[in-house]
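Before we start, here is the structure in question, set down as C-alpha cells.
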Amino acid sequence: MAKVLTPKEVDYSQWYNDLVLKADLAENSSVRGCMVIKPYGYAIWEKIQQTLDKMFKDTGHVNAYFPLFIPKSFFSKEANHVEGFAKECAVITHYRLKNSPDGKGIVIDENAKLEEELVIRPTSETIIWNTYKNWIQSYRDLPLLINQWANVVRWEMRTRLFLRTAEFLWQEGHTAHATKEEALEEAMKMIDIYASFAENTLAIPVIKGAKTENERFAGALETNTIEAMMQDGKALQAGTSHFLGQNFAKAFDVKFLNQKGELEYVWATSWGVSTRLIGAIIMTHSDNNGLVLPPAISPLHVVIVPIYKSVDEKFEIMNYCNNIFNEIKQHNITVKFDDRDTHKPGWKFAEYELKGIPIRIAVGPKDIENNQVEIARRDTLEKFFISRTELIPKIKQLLADIQNNIYQKALTFRNNNTYIIDSLKDLYENIDKGGFFVAHWEGTKEHEKQLNEQTKATIRCIPFDEEEKLGKCIVTGILTKKRVIIAKAY
RNA sequence: CGGGGUGUAGCGCAGUUGGUUAGCGCACCACGUUCGGGACGUGGAAGUCGGUGGUUCGAGUCCACUCACCCCGACCA
C-alpha cells in the first residue's frame, strides 16, 4: 500500500485528500461536488453531534426540523441575505419527468413546471423566520431557542472533502429574543460553547473574535467566529454565531407585544458548525502515519491486537485478550478486540494508526508469560509495557494525557506560527510562509479588499481576548487599540 | 464561465509511426510457507479502452462532436 504522502513531499491539499481516502472517512460522490461519508467518518460526526447536542440542551435549546425546500420568494425578503446566497443556490423548477417522445430515456415534463421555484436550503433563516412569524405573538413566547440538525446545499464552484462540499451536514441554531442585549448575549454564549467544544473535545485551539463587515454573514449585523490554524499555517473558520438584529424579523414581519403593550420587532441570532469540523480535526492533528484523533471524539478509544503463531498459542491469547476486552468495556471506554485472523498483526497496527485510534494494545506469548500488555499511544507513537493489573488506571490516564498532549502540541504550533507585525511590508514579505499575522488595523472596507487582492489573505477576525495595546494601523497609520488577525484561509 | 489537463480492471498507471488474443503494480480469489510493524511463492478471476459518429482492409491509438472529472482563475461559512 502506498504510504500517506507528507505535506513536505507534495502540496498539503493532496496530502489531505490522500489521508481522507486512506483512513476510510469519505470519498467524492458521482454527484457533482458532493461527498460520500463512509461509516468511520460518520461515526466521528455522530460523536460531534452527541457532544454538541448535550451542550445545546444544557443551555436551554431544543431541536426541531424545518423543510429542505424554500420558496424562492422567501429569499428576496432580506436584501443582503439574497445577495450573499443567490450565486450558490440549487433551484427546483419541475416536479415530474416523463418518457422521452423519441423513446430515448427520460426528459423533464414541461407541463410539470412549478408555479414558484423552490430553493434547496443553503441555510434556513428564511423558512424558519417565516414559521416563527406564526409562533411569536407575546413576550411570553420568547426567547425561542431552537436548533436543527440538517443538510444544506451550496453550489460552490470548487469543492473539497469535508471542507467545502456542495452538500454538507451541520447544525443551525435560530433564536428569537425580546431585547437586543439578550440576542447579543446569546450570540456570544454560542461562540463560547463552540470555542470550548473545539478546545476541550476536539483539542483544537481557536481564536474567538468578530468578523469585519466584509466577512460577515449575509444578513447579519455581527458575526462571531472561531478561527483555527491548520498544520500548513492556513486559517480555518470552524464555527460562527451571528447577531442578526431585527433584519429577519422585519423581513418576515415577526412582532411581539411587550409588557407595556407595545408592538416590537423580535431580535435574532443564528449559529452553526458543520462536517467541516472533521476536516479541522484531520488537518490539526494528523501526522505522516495517518489520523490522530482526540480521545474525546474518537469512535474507538482502545484496540486490542492479538499476536500468535500456533493454534495452541492462539487459544491462550484469545482468552487473555477477551479478559482484557471485557474488563476495559466495563469502564466506559470504547474498545475493540480485533480477533480477525484474515489480517496479520503488522497490517492491523498500520491500519489503526491510519485511523487514529488513541491506544493500541498488543498481546503476544511473551506478554502472557510476564502478565503484561504492550501499549502503543497514537499521538507520540511510543511503545511500552504495562502490568496487567494496572491496565485500567493506566488507560484512563493515557487517554487524558493524549487529549491534553495533542491540544498542547497544536497550541504550540499556532504560537510558533503567529507573528506580531507593525507594517504592511512585514505582512507582504512573510504572508507566504503561512501563519497568523497580528496587526493594528483601522482600515476601511476598501483597504481590506486591496489587502485580499494583493496577498490572497483576509482579516480572519478581530479577536475578543487580544490584550489591548495602542499602535499604528498598518495601512492608514492611525493610532488604534484595535488589532486583527490576518491569514490565508481555507 | 475563461485557461490547461485527464478519461484503459476496484485503485494507480503503461500502451510506439493505426496491425492479430489490450498490459503492469496494488487490491481481490485458491493453495502452501509465514505471523512481535502493512509477508512470500505458485496459480487464478476481473476490461462494452467515458459516449456517439466518422476515416480505414483494420481504431485504445487518427478526426469531429459530446459527457464526466481534475488543476489554475473567477466564486465561496
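Chain letters run A, B, ... following the sequence lines, proteins first, then strands; residues in each count from 1.
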Determine the Euclidean distance between corresponding P atoms of B:G51 and B:A9; express it in Å to zero decimal places.
->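 Going atom to atom, P in each nucleotide, I get 11 Å.
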Looking only at atom C1', what distance separates B:U52 and B:G7, rounded to whole Å?
->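 Approximately 16 Å lies between the C1' atom of B:U52 and that of B:G7.
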Between A:Ala376 and A:Leu163, who's closer to the 5' end of RNA chain B by nearest nucleotide?
->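 With A:Ala376 and A:Leu163 compared, the 5'-side residue is A:Ala376.
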Has A:Phe315 got more than 12 heavy atoms of other residues, nucleotides or ligands less than 6.0 Å from its CZ?
->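 For A:Phe315, atom CZ is not crowded (no more than 12 foreign heavy atoms under 6.0 Å).
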Please list every donor-acceptor pair under 3.5 Å in which a side-chain atom of residues 273-280 of chain A meets a protein atom from a residue at least two apart or in another chain.
from     : atom 1 : to       : atom 2 : distance (Å)
A:Ser274 : OG     : A:Arg276 : N      : 3.0
A:Thr275 : OG1    : A:Leu169 : O      : 3.4
A:Arg276 : NE     : A:Leu163 : O      : 3.1
A:Arg276 : NH1    : A:Gln237 : O      : 3.1
A:Arg276 : NH2    : A:Leu163 : O      : 3.4

Could you tell me whether A:Lys211 sits above the aromatic face of A:Phe217, with NZ or CZ closer than 6.0 angstrom to the six-membered ring centre and within 45 degrees of the axis?
->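 That pair does not qualify as a cation-pi contact.
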Aromatic contact, A:His174 with A:Tyr132 (centres under 6.0 Å) =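 A:His174 vs A:Tyr132: aromatic centres not under 6.0 Å.
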Centroid separation A:His61 to A:Trp271 less than 6.0 Å =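 Ring-ring flag for A:His61/A:Trp271: true, centres closer than 6.0 Å.
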Would you check if A:Arg121 and A:Phe85 make a side-chain contact, meaning some heavy-atom pair closer than 4.5 Å?
->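 Sidechains of A:Phe85 and A:Arg121: no contact.
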How many angstroms lie between CZ in A:Arg483 and CD1 in A:Ile485, if you round to the nearest 0.5 Å?
->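 Between A:Arg483 CZ and A:Ile485 CD1, I get 9.5 Å after rounding to 0.5 Å.
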Contact class for A:Asp341 (heavy atom, under 4.0 Å): base, sugar-phosphate, or nothing?
->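 Here A:Asp341 touches no strand at all.
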B:A14 versus B:U8 - spacing of their P atoms, nearest Å =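 Taking atom P in both B:A14 and B:U8, they lie 10 Å apart.
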Nearest-angstrom distance from the residue atom CD of A:Glu27 to C1' of B:C69 =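 Computing the A:Glu27:CD to B:C69:C1' distance gives 14 Å.
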Value in whole Å for how far the P atom of B:A77 lies from OH of A:Tyr194 =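 Atom-to-atom, A:Tyr194 to B:A77, this comes out as 17 Å.
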Any strand is fair game: report the nucleotide pairing with B:C40 by Watson-Crick or G-U wobble, both distances under 3.5 Å, or none.
->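 Partner of B:C40: B:G32.
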Is any side-chain nitrogen or oxygen of A:Lys22 closer than 4.0 Å to OP1 or OP2 of B:G12?
->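 Answer no for this pair, as no side-chain N or O of A:Lys22 is under 4.0 Å from OP1 or OP2.
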In Å and rounded to the nearest 0.5 Å, what is the NZ to CD1 distance from A:Lys394 to A:Ile361?
->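 CD1 of A:Ile361 is found 13.0 Å from NZ of A:Lys394.
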Nucleic acid footprint by protein, nucleotides 2-11 of chain B - heavy-atom cut-off 4.0 Å, B for base, S for sugar-phosphate alone | ----------
Whole-angstrom distance between B:G60 and B:G36, as gauged at atom P =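 About 47 Å, rounded to a whole number of Å.
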Could you tell me whether A:Glu215 contacts a base, only the sugar-phosphate backbone, or nothing, with contacts defined as non-hydrogen atoms closer than 4.0 Å?
->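 Nothing, no heavy atom under 4.0 Å.
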What's the closest nucleotide to the A:Pro345 side chain, out of B:A77, B:G36, B:G38?
->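 Looking only at side-chain atoms, A:Pro345 lies closest to B:G36.
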Is there a Watson-Crick or G-U wobble partner for B:G7 with both distances under 3.5 Å, and if so, which one is it?
->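 Check on B:G7: paired to B:C67, both distances under 3.5 Å.
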Separation of the P atoms in B:U20 and B:A27, to the nearest angstrom |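 One P to the other, the span is 31 Å.
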In whole Å, what is the span from the CD atom of A:Gln171 to the C1' atom of B:A77?
->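 Result: 13 Å.
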Please list, by residue number, the residues of residues 231-248 of chain A whose heavy atoms come closer than 4.0 Å to an atom of RNA chain B; answer none if no residue qualifies.
->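 The answer is A:Gln237, A:Thr240, A:His242.
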Partner nucleotide, any strand, of B:U55 [Watson-Crick/G-U, under 3.5 Å] |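 Across all strands, not a single nucleotide pairs with B:U55.
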Report the relative orientation of the aromatic rings in A:His447 and A:Trp441; use parallel for angles under 30°, tilted for 30 to 60°, perpendicular for over 60°.
->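 Answer is perpendicular, since the angle exceeds 60°.
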Expressed as a whole number of Å, how far does the P atom of B:G47 sit from that of B:G10?
->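 After rounding to an integer number of Å, I get 8 Å for this pair.
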If you look at every heavy atom in A:Ala228 and A:Val206, which pair is closest and at what distance?
->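 Closest approach of A:Ala228 to A:Val206, heavy atoms only: CB-CG1, 4.1 Å.
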Proximal nucleotide (of B:A77, B:C76, B:G36) relative to the A:Lys344 side chain |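 Looking only at heavy atoms from C-beta outward on A:Lys344, the closest nucleotide is B:G36.
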Could you please name the option among B:A74, B:G36, B:C35 that lies closest to any side-chain atom of A:Lys456?
->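 Taking heavy atoms from C-beta onward, the closest nucleotide is B:A74.
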Over 60° means perpendicular and under 30° means parallel, so classify the ring planes of A:Phe168 and A:Trp170, tilted if in between.
->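 Taking A:Phe168 first and then A:Trp170, their aromatic rings stand perpendicular (interplane angle over 60°).
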Could you check how far CG of A:Asn80 sits from P of B:A77, rounded to whole Å?
->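 In whole Å, B:A77 P and A:Asn80 CG are 13 Å from each other.
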Quick one: label A:Lys348 by what it contacts on the DNA or RNA (base, sugar-phosphate, nothing), any heavy atom closer than 4.0 Å.
->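 Result for A:Lys348 = nothing.
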With a 3.5 angstrom cut-off on both distances, give the Watson-Crick or G-U wobble partner of B:G12, or none if there isn't one.
->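 Across all strands, the one nucleotide that pairs with B:G12 is B:C24.
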Between P of B:C70 and CG of A:Asp18, the distance in whole Å =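 Computing the A:Asp18:CG to B:C70:P distance gives 16 Å.
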For nucleotides B:A46 and B:C24, find the distance between their C1' atoms and express it as a whole number of Å.
->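 Here B:A46 and B:C24 have their C1' atoms 15 Å from each other.
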Considering every strand shown, what is the Watson-Crick or G-U wobble mate of B:G73 when both distances are under 3.5 Å?
->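 WC or wobble partner is B:C1.
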Quantified in whole Å, what is the C1' atom distance between nucleotide B:C57 and nucleotide B:G18?
->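 The answer is 12 Å between these two C1' atoms.
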Nucleotide B:G37, atom P - distance to CZ of A:Arg377 in whole Å =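 Rounded to the whole Å, the gap is 21 Å.
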On RNA chain B, check which nucleotide each of A:His343 and A:Ser274 is closest to and give me the residue with the more 5' one.
->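 Looking at the nearest nucleotide for each, A:His343 comes out on the 5' side.
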Can you name the nearest heavy-atom pair linking A:Phe385 to A:Asp367, along with the distance?
->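 Nearest heavy atoms, A:Phe385 then A:Asp367: CE2-OD1, 3.5 Å.
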Counting side-chain heavy atoms from C-beta on, which of B:C76, B:A77, B:G36 comes nearest to A:Phe217?
->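 Out of B:C76, B:A77, B:G36, the nucleotide with an atom closest to A:Phe217's side chain is B:A77.
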Side chain of A:Glu353 only, please: which of B:G37, B:G36, B:G38 is the nearest?
->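 Looking only at heavy atoms from C-beta outward on A:Glu353, the closest nucleotide is B:G37.
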For A:Arg360, which contact category applies under a 4.0 Å heavy-atom criterion: base, sugar-phosphate, or nothing?
->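 If one applies the 4.0 Å heavy-atom cut-off, A:Arg360 turns out to touch a base.
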Which atom pair, heavy atoms only, marks the closest approach of A:His81 to A:Ala218?
->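 Between these two residues, the closest heavy atoms are ND1-O, 3.0 Å.
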When we call it a touch if two heavy atoms are under 4.0 Å apart, what does A:Lys87 touch: a base, just sugar-phosphate, or nothing?
->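 Counting heavy atoms under 4.0 Å across all strands, the contact made by A:Lys87 is with sugar-phosphate only.
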Gap between atoms CG and P, on A:Asp338 and B:G37 respectively (whole Å) =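 To the nearest whole Å, that distance equals 16 Å.
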Have a look at A:Lys383 and say if it touches a base, only the backbone sugar-phosphate, or nothing, with a 4.0 Å heavy-atom cut-off.
->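 Base contact.
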Could you tell me the separation between the CG atom of A:Leu277 and the P atom of B:A77, rounded to a whole number of Å?
->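 To the nearest whole Å, that distance equals 17 Å.
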